[in-house]
Amino acid sequence: MDERLVQLGERVKAARVAARETQAEVASAIGIHRTHLVQIEAGRENITIGTLYGLADHFGVSAAQLLPD
């Protein structure tokens, strides 16, 4: 697994937990399937720029805050 994908997934999950939302709620809000979000949070799947911006907008953070250094 790519360590950067794992770190991105951890940041997405932390934002979701802080927002007190389920994976299903977030996935529905940004227009992806819940299983896709599960894979992103686990660091097992690449993320598109559109999904990255959708997540950032949903959580009210910049896309850069979700991306690892």
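The cluster map of Ile, Leu, Val, Met, Phe, Trp and Tyr, joined by side-chain heavy atoms under 4.5 Å apart, puts Val6 and Val38 in different clusters. Under a hydrophobic-cluster definition in which Ile, Leu, Val, Met, Phe, Trp and Tyr are linked whenever side-chain heavy atoms come within less than 4.5 Å, directly or via other members, Ile30 and Val61 are assigned to the same cluster.
Among all heavy-atom pairs drawn from Ala56 and Ser62, the shortest one is CB-C, 3.8 Å. Nearest heavy atom pair, residue Leu5 against residue Glu45, reads CD2-O, 4.1 Å. Closest non-hydrogen pair, His58 versus Val26, comes out as NE2-CG2, 4.0 Å. Residues His36 and Asn46 come closest through the heavy atom pair CE1-O, 4.1 Å.
Atom-to-atom distance recorded for Gln23:CD and Gln39:CD is 10.0 Å, nearest 0.5 angstrom.
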Handout entry: Steps toward side-chain contact (heavy atoms from CB on, under 4.5 Å) verdict (Phe59, Glu21)
Key = CA-CA 10 Å; Phe59 294 125; Glu21 292 183 283; 3.8 Å; yes
Exercise for the section: Dump the intermediate steps for side-chain contact (heavy atoms from CB on, under 4.5 Å) on Ile47 and Leu55, then the final yes or no. Expected result: CA-CA 10 Å; Ile47 185 171; Leu55 288 165; 3.7 Å; yes
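Considering Glu3, Arg4, Glu10 as possible partners of Pro68, the one that fulfils the side-chain contact (heavy atoms from CB on, under 4.5 Å) test is Arg4.
With respect to the salt-bridge test (charged N to carboxylate O, under 4.0 angstrom), the residues Glu41 and Arg16 qualify.
Side-chain atoms of Leu67 and Leu52, non-hydrogen and from C-beta on, do get closer than 4.5 Å to each other.
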